[in-house]
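Please read the structure below before turning to the comments.
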Amino acid sequence: MWRKNKIYSAAVAIFLIFFTPALTQSVSTAAGPVTEGQASYYANRFHGRKTASGETFRIHDFTAAHRTLPFGTSVKVTNLDNGKEVVVRINDRGPHLKSRVIDVSPAAAHILGLIGKGTVNVRIEAWN
């Protein structure tokens with residue numbers, strides 16, 4: 001089982017490094033794959049709706065939507081403008097705008113200083 005997880009993690013890392021959208025920049029570090037790009041956050045009106053993973057979206061949870069990362073993956077999101085960071089768990093698919101790399105919950109957006117700005121430049125790192 002451990003070997004399968006290691007192989008799967010390596011496959012995900014390779015995919016992220018070579019197949020991220022053209023508007024993002026990807027590199028690999030010792031900690032894992034890193035992606036940079038624009039982040040946005042969910043509107044409060046989605047509270048209580050089902051996510052792509054089947055979970056109910058809650059605005060107070062530290063969750064996010066990503067196009068390709070497996071559900072349940074934890075990532076550290078760092079606001080490149082102010083250095084604030086938060087760890088979120090992927091439980092939905094998105095964002096649906098190609099210019100963005102992740103949508104975070106309002107709770108995570110508050111920690112990042114994203115509320116009121118709409119979008120910010122972020123770095124996304126795999127987190128254990």
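Heavy-atom basis, side chains included; hydrogens, waters and symmetry copies ignored. In this text the structure is predicted, and so the values were computed from the model without any measurement. By convention here, the first residue in the shown sequence is residue 1.
Considering all non-hydrogen atoms of both residues, Pro95 and Ala65 come closest at CD-O, 4.0 Å. Shown here for Phe62 and Ile111, the closest heavy-atom pair between the two residues is CE2-CG1, 3.7 Å.
Taking the side-chain contact (heavy atoms from CB on, under 4.5 Å) definition, one finds that His60 meets it with nothing, sequence neighbours left out. Scored by the ring pair (Phe, Tyr, Trp, His ring centres under 6.0 Å) test, Phe57 finds Tyr42 as partners (sequence neighbours excluded).
For residues 38-48, there are no salt bridge (charged side-chain N to carboxylate O under 4.0 Å, His left out) pairs, not counting sequence neighbours. Listed by first and then second residue, the side-chain hydrogen bond (donor to acceptor under 3.5 Å, both in side chains) pairs involving residues 101-114 are Ser40-Asp103 (not counting sequence neighbours).
Residues Val104 and Ile59 fall into different hydrophobic clusters, defined by Ile, Leu, Val, Met, Phe, Trp and Tyr side chains chained together at heavy-atom separations under 4.5 Å.
Atom CD1 of Ile102 sits about 9.0 Å away from atom OG1 of Thr35, to the nearest 0.5 Å. Interatomic distance, Arg58 CZ to His47 NE2, rounded to the nearest 0.5 Å: 7.5 Å. Atom CZ in Arg67 sits 9.0 Å away from atom NE2 in His96 (nearest 0.5 Å). Taking OG1 of Thr56 as the start and CG of Asp61 as the end, the distance is 10.0 Å to the nearest 0.5 Å.
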Under 3.5 Å donor-acceptor pairs involving side-chain atoms of residues 82-90, not counting sequence neighbours:
{"unit_1": "Asn82", "atom_1": "OD1", "unit_2": "Asn79", "atom_2": "ND2", "d": "3.4"}
{"unit_1": "Asn82", "atom_1": "OD1", "unit_2": "Lys84", "atom_2": "N", "d": "2.9"}
{"unit_1": "Asn82", "atom_1": "ND2", "unit_2": "Leu112", "atom_2": "O", "d": "3.1"}
{"unit_1": "Arg89", "atom_1": "NH1", "unit_2": "Glu55", "atom_2": "OE2", "d": "2.7"}
{"unit_1": "Arg89", "atom_1": "NH2", "unit_2": "Glu55", "atom_2": "OE1", "d": "3.2"}

Mind listing the side-chain donor-acceptor pairs of residues 114-123 below 3.5 Å, one per line with the distance, residues two or more places apart or on another chain?
{"unit_1": "Thr119", "atom_1": "OG1", "unit_2": "Gln38", "atom_2": "OE1", "d": "2.9"}
{"unit_1": "Asn121", "atom_1": "OD1", "unit_2": "Gln38", "atom_2": "NE2", "d": "2.4"}
{"unit_1": "Arg123", "atom_1": "NE", "unit_2": "Glu36", "atom_2": "OE2", "d": "3.1"}
{"unit_1": "Arg123", "atom_1": "NH2", "unit_2": "Glu36", "atom_2": "OE2", "d": "3.1"}

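At distances below 3.5 Å, not a single donor-acceptor pair connects side-chain atoms of Thr51 with backbone N or O atoms of Asp92.
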